[in-house]
Amino acid sequence: MQHWILATLTCFVLICFVLIGVDPAYGHGSLHERLKRADKKISASPNRSELYLNRARLHREHGDLSKAHHDLDRALSLAPGCLEASVGIADLCMALDVPEIAAAIAWSILQKNPENEGALLVFSRASLSARRYEDALHGFDRLIALARRPSPDLYLERLRACQLAHPGDLDLAIDGLERGLARLGTAVALVLTIVELETQAARYDAALRRLAFVESRANRKARWRVQRAEILVRARRVEEAHSCARAALEELAVLRRSKSGARLDLVRRAKQILQRTTNGSQEKQ
Amino acid sequence: MKLRRPLRCVAFLLLALCTWSPIATAEETLLPFGSSWRYLDDGVIPPANWIDSAFDDTSWQVGPAQLGYGDGDEATVIGFGPDPDDKPITAYFRTSFSIVDPAAYDGITMRLIRDDGAVIYLNGIEVFRSNLPAGPITTTTLAASTISGSEEDTQNLAVLSPNSLVSGSNVIAVELHQRDSESSDLSLDLELRGHTASDPIEILRGPYLQRIGNDRAVFRWRTNAFTSSRVGIGTSPTNLDTITQRPGLFSDHEVEITGLPPGTSFSYAIGDAIQWLSGPDAEHRFSTYPPAPTSDPIRVWAIGDSGTADANATAVRDAYLAFSASEGTDLWLMLGDNAYDAGTDNEYQAAVFDMFPGLLKQGAVWPTLGNHDGRTASLTGEGPYFDMFTLPTAGESGGLASGTEAYYSFDYANVHFVCLDSEGSSLSVGGAMLTWLDADLASTDREWIIAFWHHPPYSDGSHDSDDPTDSSGRLFAVRENVLPILEEYGADLILCGHSHSYERSMLLNGHHGVSSTLTSSMILDGGDGDPAGDGPYQKPAETTPYAGAVYVVAGSSGKVDDSPPLSHPALPIGLAQLGSVVLDIQGPRLDARFLRSNGTVTDTFSIIKGSFFIRGDANGDGALDVADPITMIDYLFQGASTDCEVALDANDDESINIADPIAVLSTLFSGASLPPAPHPTCGVDPTPGLLVCASPSCP
């Protein structure tokens with residue numbers, strides 16, 4: 001009897017799947033569906049803070065910042081001191097372009113939770129937007145120090161704070177990126193940023209050494225040769241620049257990248273260098 | 001849903017079978033299941049030193065495990081305050097066990113039953129975390145996912161270091177976190193076994209290969225004790241002539257061997273200083289990646305949103321293994337959401353390591369982060385995903401150094417693979433990832449570029465690429481910021497997941513807006529790309545900018561969330577079917593198939609690269625006329641040269657002989673059929689052979 005009931009139920013479920021055309025592997029549904037479910041849950045239990053937190057996340061994902069803010073406020077009023085809601089509100093203030101308030105909220109969270117990554121990130125970014133550059137720099141430094149594997153992006157954000165806090169102090173800026181390389185190894189995004197800074201600081205040999213390393217790892221060299229030639233021009237090493245640009249042009253000539261904007265740009269830059277260095281050589285003579 | 005008693009018995013038996021682990025039980029039990037625990041269940045936050053051995057917990061309540069509420073199987077039902085709809089998020093537990101000599105142990109095997117998330121401390125030091133985000137944990141931190149069904153009784157296995165043990169009393173402290181305060185249940189039980197030198201060493205995970213390159217491979221595995229790590233490799237199982245031992249004792253082992261010859265097959269074994277624990281045998285083999293160029297075929301398998309660890313994922317896997325039985329697998333890509341629901345270590349064990357043991361043993365898996373994996377991965381690169389995978393950061397497997405495991409590139413023969421992180425890294429132009437991407441693509445000389453990440457630029461599935469708020473705008477960001485760079489450097493194929501369906505574009509270029517902005521000029525080839533249909537997509541030789549790419553959403557390897565119509569105009573193929581993507585690349589040809597979980601192929605497309613020419617147009621003037629057979633005769637009998645031999649092969653028999661001018665003359669004067677493709681329009685050879693076209697011969 002029980003087997004018969006089980007078999008009937010199984011058949012019924014399978015027929016339902018066939019009739020409504022739903023794959024039995026149906027999963028978690030769209031954002032709108034999840035929002036509807038969150039609304040329903042809140043209607044049933046209007047005093048549960050985490051339901052508002054969850055819906056705030058969904059509103060945030062959907063880009064509805066004012067609704068997200070409302071839910072975070074409600075979550076915080078139901079659970080005073082809730083860290084997730086507090087950080088969420090701080091982050092939301094950043095998204096709403098009120099960085100001063102975001103920084104203040106994040107700062108207050110950090111007084112009790114000095115290692116909270118979310119609060120530190122909001123604090124650092126909000127301080128940067130609010131033009132409190134030293135605070136931002138300190139925040140990024142703290143975040144980087146706490147992170148087991150900081151991302152290259154954190155170092156670039158820190159650099160921006162550093163350059164705004166200490167304009168013109170290239171040593172300080174480069175030092176921060178150097179520390180990034182010491183922890184991350186050769187992160188190309190950081191290396192190329194240092195090359196730019198070192199070139200600005202007229203430390204041409206250092207910049208060329210770094211660029212040579214990138215070039216040595218590249219199967220195609222043209223881009224790096226053009227950049228090398230440009231640095232050599234700034235260093236007034238005319239003959240080296242000339243031969244470097246020539247080598248780049250030779251490589252570019254055999255590439256079948258006729259429509260590439262990047263290739264055309266490289267060709268233009270290399271030719272400019274050739275022209276300048278040829279004139280320079282003639283003037284010299 | 002409550003099961004009736006007989007059914008529960010069956011369920012428990014099945015569960016016991018499912019959660020059975022191969023660890024021998026000879027280890028000494030230090031703390032048995034069902035031990036007595038002190039607990040704090042009233043929502044009060046204990047002082048910060050509650051995890052310390054010296055903390056006085058005598059005011060806490062006491063009872064035997066299993067502790068918790070809501071399941072009916074608790075030995076001690078703990079409280080949750082007056083409001084069942086507002087239970088405390090965190091409950092606290094402490095217990096102790098005694099040992100005489102800590103040095104007697106080389107590992108502690110822990111089996112943890114937790115619902116939902118837990119942090120374990122041994123004598124005041126965090127030794128394990130499960131189903132909780134990386135970073136600092138507070139009393140309001142929510143578990144990463146809800147634990148339900150059979151997971152509630154799963155024994156999460158971990159091997160703890162014996163370094164934190166002390167002589168005498170040792171204190172285990174646990175904080176247990178709910179996913180939400182409405183959660184109906186909460187559970188804790190925990191067993192500790194001490195592993196001594198006389199107990200057998202067992203492998204709990206792997207071996208699995210990582211970060212293979214032209215000259216290297218990383219070997220990883222997990223044991224039930226902290227042991228030394230040793231790898232032997234050689235050209236045959238009986239000749240492991242290169243032995244590498246890593247100093248130190250580990251339970252999660254990681255050994256890299258470098259200096260290997262490229263494109264070479266090896267047998268291997270892994271073990272400790274005394275014995276091999278796995279291999280060598282016919283199953284333990286791998287190959288270093290071949291250097292470019294190679295004419296050998298390459299088989300790539302791509303699965304997206306595959307981490308369900310259920311019958312769906314099993315069916316997709318089995319269909320592929322059957323399909324690929326005679327071919328083998330050279331590369332394997334995971335397109336994110338690799339282990340539901342939150343990418344915990346235990347979920348990865350079920351969804352990846354228990355699901356694909358054979359594939360993991362013989363080749364590296366190359367994963368990307370999905371939004372679900374991201375729930376336990378922090379913005380600072382911590383969490384199970386980053387712990388269990390060894391991915392390139394310094395260009396170890398080709399490409400330029402990214403400095404992070406979140407995004408990377410690698411080379412396999414004539415293919416450059418790029419893995420981006422659309423979940424946690426900045427997608428801004430000028431950000432670190434896109435700066436690296438631009439430099440990386442400028443530096444590659446490989447014939448093919450295949451990029452993969454999680455959030456698709458185009459989709460009308462469970463995620464909508466026309467909705468600027470979907471996934472916090474990530475679909476828009478990848479389309480607007482990433483695609484222009486890939487197009488500039490001539491990417492050929494983009495593989496994504498996220499939507500739980502299969503969707504596929506035609507050959508596209510320059511479509512960076514919402515679906516309504518698609519214009520005919522962006523469709524470089526509107527055909528289906530099927531060799532048996534409209535014919536393969538054709539691209540110029542090498543990586544050529546703006547020559548178009550095919551975009552694939554392959555997020556249905558574990559679940560299907562969508563039902564037709566999937567109607568993005570750039571994605572004419574839309575299938576609500578479980579399956580995976582199989583790529584075969586040989587020289588200038590790429591063949592792609594969507595392989596359903598039932599073993600059938602429901603979409604096929606090919607991309608062929610080569611110089612463009614018109615078959616039979618021997619002099620390259622764009623027309624088939626009497627000058628062409630004369631050019632052919634000059635080539636055959638007068639020693640004239642040509643830059644495009646294949647244009648002279650008018651009958652496509654892969655040789656140039658007198659039959660070719662005769663075929664053209666027959667077409668011109670006897671009404672015979674036109675030469676095979678490409679003809680009369682310019683194109684690449686759809687059946688590439690030995691004859692070449694060194695430079696395009698189209699006018």
Side-chain angles (χ1 to χ4, degrees), chain A residues 21-23 25-31 41 45 47-51 53-54 60-64 79 81-84 113 115-117 121 143 146-156 180 184-190 192 214 217-220 223-224 255-257 259-263, chain B residues 83 85-86 89 135-136 138 140-142 180-182 312 378-382 386 393-395 400-406 424-426 431-433 435-436 439-440 442-446 462-464 468-473 488-490 500 540-542 544-546 559-561 563 576 578:
Chain A
V22 176
D23 192 307
Y26 198 84
H28 59 59
S30 70
L31 184 62
K41 277 189 168 183
S45 310
N47 293 320
R48 290 178 42 222
S49 61
E50 81 283 356
L51 294 183
L53 275 177
N54 179 50
R60 185 73 205 270
E61 198 176 327
H62 193 251
D64 199 332
C82 172
L83 202 56
E84 199 171 349
N113 305 276
E115 297 190 355
N116 186 285
E117 284 181 5
L121 190 64
L143 192 56
L146 284 172
R148 189 149 58 112
R149 299 168 181 139
S151 70
D153 268 320
L154 278 182
Y155 287 97
L156 294 186
L184 306 181
T186 313
V188 162
L190 301 190
L192 296 178
V214 177
R217 307 301 299 265
N219 292 320
R220 288 213 163 123
R223 174 181 174 144
W224 312 115
L255 295 182
R256 298 175 191 179
R257 299 187 170 205
K259 289 197 294 181
S260 162
R263 178 187 171 278
Chain B
D83 186 353
D85 288 336
D86 192 17
I89 292 297
T138 70
T140 56
T141 303
L142 301 176
D180 63 62
S181 62
E182 188 195 34
N312 289 333
S378 77
L379 55 96
T380 48
E382 292 177 58
F386 292 107
T393 60
L400 290 189
S402 65
T404 171
E405 290 182 299
S425 297
S426 168
M433 183 167 74
T435 300
W436 164 81
D440 179 72
S443 300
T444 186
D445 63 351
R446 302 302 155 114
S462 49
H463 291 277
D464 178 4
T469 64
D470 192 313
S471 306
S472 301
E488 170 75 33
Y489 290 104
H500 300 153
E542 295 193 332
T544 305
Y546 313 122
K559 57 170 79 171
V560 174
D561 265 358
S563 51
L578 280 170

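Side chains included, hydrogens not; waters and symmetry mates left out as well; all remaining heavy atoms used. Order of the sequence lines fixes the chain letters, A, B, ..., with proteins taken first and strands second; residue numbering starts at 1 for each chain. From a predicted model like this one, the values you see are computed outputs, not experimental measurements.
Taking chain B as the reference chain and counting heavy-atom pairs below 4.5 Å, the highest number among A:Lys41, A:Glu117, A:Arg149 is found for A:Arg149. Ranked by heavy-atom pairs under 4.5 Å with chain A, the list B:Ala394, B:Gly490, B:Ser426 is led by B:Ser426. Ranked by heavy-atom pairs shorter than 4.5 Å toward chain A, the options B:Thr393, B:Leu142, B:Asp470, B:Thr435 are led by B:Leu142.
The backbone N or O of B:Ala432 lies less than 3.5 Å from a partner atom in the side chain of A:Asp153, making a donor-acceptor pair. A donor-acceptor pair under 3.5 Å is absent between the side-chain atoms of A:Arg217 and the main chain of B:Ser443, judged by distance alone.
The contact between A:Asn113 and chain B is made entirely by side chain atoms (from C-beta outward), counting heavy-atom distances below 4.5 Å. Heavy atoms closer than 4.5 Å to chain B are found in the backbone of A:Pro150, but not in its side chain. In this structure, the portion of B:Ser402 lying under 4.5 Å from any heavy atom of chain A is its backbone and not its side chain. Both the backbone and the side chain of B:Ala439 come within contact range of chain A, each with at least one heavy atom under 4.5 Å from a heavy atom of that chain. Residue A:Leu154 touches chain B through its side chain alone, counting heavy-atom pairs closer than 4.5 Å. Using a 4.5 Å cut-off between heavy atoms, A:Thr186 contacts chain B through both its backbone and its side chain.
In this structure, B:Thr141 OG1 and A:Leu83 CG are separated by 6.5 Å, a value rounded to the nearest 0.5 Å.
Across B:Gly431 and A:Leu156, no two heavy atoms sit closer than the pair C-CD1, 4.2 Å. Nearest heavy-atom pair across A:Arg60 and B:Ser472 is O-OG, 4.3 Å.
Annotation: side chain of A:Val214 is in contact with side chain of B:Leu400 (closest heavy-atom distance under 4.5 Å).
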